[in-house]
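Quick notes on the structure that follows.
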Amino acid sequence: MASAANMNAVRETMDVLLEISRLLNTGLDIESLSLCVRLCEQGINPEALSSVIKELRKASDAMKVSESSKG
Amino acid sequence: MSSLDQKSPNVLLQSLCCKIIGKTEAEVAHQFQYAVRVIGSNYAPTIERDEFLVSEKIKKELLKQRREADAALFSELHRKLQTQGVLKHRWSILYLLLSLCEDPRKPSRGASFGALIAQALPRDAHSTPFYCARPQSLSLSHPERFSLAQNPNSMGTSGVSSLGVYSLNGPQILLAGHQTAAESLRQPLGSHLAWNLLPTASPSFAPTSRGPLLPVITSARSALRQQRDGDSNAEIGEATLVRDILYVFQGIDGKFIKMCSQANCYKIDEKVLLSRSLRDTSSRLAELGWLHNKVRKYTDARSLDRAFGLVGQSFCASLHQELKEYYRLLSVLHSQLQVEDDQGLNLGAESNLTLRRLLVWTYDPKVRLKTLAALVDFCQGRKGGELASAVHAYGKTGDPYMRALVQHILGLVSHPILNFLYRWIYDGELEDTYHEFFVASDPTVKTDRLWHDKYTLRKSMIPSFITMDQANKVLLIGKSINFLHQVCHDRTSPGKIVPASKSMDSPRDAAELFADQEGAFQGKIDAAYFDTSKYLLDVLNRNYLLLEHLQAMRRYLLLGQGDFIRHLMDLLKPELVRPATTLYQHNLTGILETAIRATNAQFDSPEILKRLDVRLLEVSPGDTGWDVFSLDYHVDGPIATVFTRECMSHYLRVFNFLWRAKRMEYTLTDIWKGQMCNAKLLKNMPELSGVLHQCHILASEMVHFIHQMQYYITFEVLECSWDELWNKVQHAQDLDHIIAAHEVFLNTIITRCLLDTNNRSLLNQLRAIFDQIIEFQNAQDTLYRSGLEELQHRLQFEEKKRQRQEEGEWGVTTVQEAKESRHVQEFQETIPKMRSQLRILTHFYQGMVQQFLVLLMTSSDESLQFLSFRLDFNEHYKARDPRLRASLGASRGRRSSNM
């Protein structure tokens, strides 16, 4: 039962985090960030998570390159 | 967002995968699998969960990118985040963001990152256990953490601290760009390993990921190697040497610099081409490794040796502490090297780690290690207090830096000693399993000799910073406490005896306490000494009546109680004239009781009187009771410590002497009594008057002699010594003083009473004189007996004559008269015999006195010389004997020459 005040706080927190993320140039959009925050809140090791994200990005880049070369 | 915590991590992860790759769930299955594996295998984070640190790092990162405004903005945002308590794992999210941070000016970051990891891997694999696996935690660009890392107690012994000075200028610049590398190093190796070891079950994914990664690693490596090593045939570069040297510092053989076991030193491989200066510098640096090995060998050998004792253990611990500081420095150097590797070409040549820099940075640690090595050498084979002395000897240097180091070690080393000491002087307990303390206890000694024999000083174990006087006091304090407990059965808690607070001193206090010789330590010992000794004396006096016993000795064994002794002699006389073999102890004990009851002795405390007893000495044939009779005083318990067996035997000897002298006085009194009584009776016998006169003269001579002797014994010997003893006892500070004073007292008496070996001839002479007195008594007795018999006979004759006349007969017939005159004649004929006997006696006696005087004259004791003047007051003997004159002059001459 999240009250309206709680909702507000969560939104503000997300805003702040998004701002930090932008400052640090992480390249995360609001949706990914929210996923990441939830994962972190569940006690996921941030180191592992960051390496996963980086590798996923690389993989996606590679896919795109291969696709474009194919296409 | 409202469902912040409802979905499982897997679901979230899957949506994240979809989001990033931009494909549907089915297409990202491989990637998702990989993600789950990585996250699952790295569940526990390897980094500190410190939000502050992470935020600081973010700020630094921003500053490094020259975005000061953004850094300020971040702080603001972070503060806002902290005020809202929505998130539980703020540090985690911040950390994630930081790791994903991309410097807009460095687009190729991902690649170099992988290379760094690959570089770091092999080194970690064979690092020593002492080489800190997390060099970044000590990076030089964190001065504030530096000071935290230092042990605040170690008085600045940190080897790194010296480096901290340099870090203000040199290394600071050198390491300015170090942060990012350290940051990336923080990435756990595990995740990358997992990445690289990804099962080949996902071939579509693996090549795409490895493709760009592997070439980068190899190229980076080879580039670095070429830069560092140069051509393999050419001479090795300085950087390689630095790397080698760092291993040598830890005592590990490097690639080129190896331990040469024959020469016992580090040597650079002869085959390696090397410029002379580099070779020289590295040899100088390698000394550090040698020193390190030396210290380490000692601690390794000793730290497991239990018999080395607590002091030794703490010495090892302090060495370890120093080594730890040294390792800390090494780890900093290592991380520095690593940073250089990682940064590769980015840094300028002038900021690299060079041999010369090492030489400067390791200067202080080298001096330190040198001192330690010297200490180790010096302390070889020592333990306990000896070890502390050895360390203390090294503290006497003019170099304040060195002194601080040694002082610190000394503090640690002497801490166990101080602990022993406090346990000992406050509780009287000696827990010295390894015989390190300077008080030794002999467990075989029984309680009756506890004070004298049980505890001794171990001279070699007295640390040099404790004076002999202090050590003696310490011994005495603990001994007193043990004496109270074990002999006096006094269970007062030691805390009550010593009011001083026994605060436990830390090692630092220990060092200061010992260093400050005149101050606190001395005061502490003195206070404990005074309180304990005073308490002990109080207990002895109050509960065990030490002083009363001392006085009782004086009164009974040294015949101070005149009326009692006189009465006892009166009562004992009939018993003692009998042969010694017919005496029975119980009879004498009964007589003693009677004497006590009849005299002032009865008012003494029963505690003393019950100890008084009769003792019969060993009987030799021909002894009378006089020879074997002796009073005895039983001592036991605590006072037996003062009145030891030797003391008692001395007392008995003195008593024997005094008793004999007293008996002479008693005998002479009897003689005088006889003379007085018989003088009137024998007045009618004019023929005896000459003999009697002779008797009187001899008797008065003897009386004079004995009186002078008694005067000498009583006043010159007993009273003087007693007064001295009493003064000393009154002012005694501890039991040892009393015992010493008492011993001095006894020795003085023994010497002055001519009982010691030097005066044996004097004593024999005196004994002979005494014997003459006894003989004279016997002679006079026979004289009087025959005189009185004759008198009786004559009176009877006169009586008979008168009776017959009354009966009307002739008073005497011719026959009777002739018979009577013959009888008188016979009697008168015995008189010259008596006379000559007396003359012989007198002659012998005077000869003996003369001899005695000569011996007195030659004696070195002044009081004995004075005695001789007193005995020969009218210079009768001096006139008779030229030796007396001569020796007197000689002795006078000797005395004047002494002045």
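Lettering follows sequence order; numbering is per chain, from 1.
Here B:S99 contributes atom OG and A:K54 contributes atom NZ; the two are 5.5 Å apart, rounded to the nearest 0.5 Å. Here the CG atom belonging to A:L39 is positioned 10.0 Å from the CD1 atom belonging to B:I93, to the nearest 0.5 angstrom. To the nearest 0.5 Å, atom CG of residue B:D70 and atom CD of residue A:E19 are 9.0 Å apart. Going from atom OG1 of A:T13 over to atom CZ of B:R90 covers 9.5 Å, rounded to the nearest 0.5 Å. To the nearest 0.5 Å, atoms SG (A:C40) and OH (B:Y95) are separated by 11.5 Å.
The minimum heavy-atom distance between B:S92 and A:P46, with the atom names listed, is O-CB, 3.4 Å. The minimum heavy-atom distance between B:L16 and A:S32, with the atom names listed, is CD1-O, 3.8 Å.
Looking at residues two or more places apart in sequence or on another chain, you find no side chain to side chain donor-acceptor pair (under 3.5 Å) involving A:D61. Residues forming a ring pair (Phe, Tyr, Trp, His ring centres under 6.0 Å) with B:F32 (at least two apart in sequence, or on another chain): none.
Between A:V37 and B:L96, every side-chain heavy-atom pair lies at or beyond the 4.5 Å cut-off. Taking 4.5 Å as the limit, some side-chain heavy atom of B:L12 sits within range of a side-chain heavy atom of A:Q42.
More than 12 heavy atoms of other shown residues, nucleotides or ligands fall within 6.0 angstrom of atom CD in B:E56. The number of heavy atoms from other shown groups lying within 6.0 Å of NZ (B:K59) is above 12.
Interface remark: B:L97 contributes backbone and side-chain atoms alike to the contact with chain A (heavy atom separation under 4.5 Å). Both the backbone and the side chain of A:L17 come within less than 4.5 Å of a heavy atom of chain B.
When A:L18, A:V16, A:D15 are each tested for a side chain to side chain contact (heavy atoms under 4.5 Å, CB included) with B:L77, only one passes: A:V16. Just one residue in the list B:L100, B:L62, B:L94 forms a side chain to side chain contact (heavy atoms under 4.5 Å, CB included) with A:L24, and that residue is B:L62.
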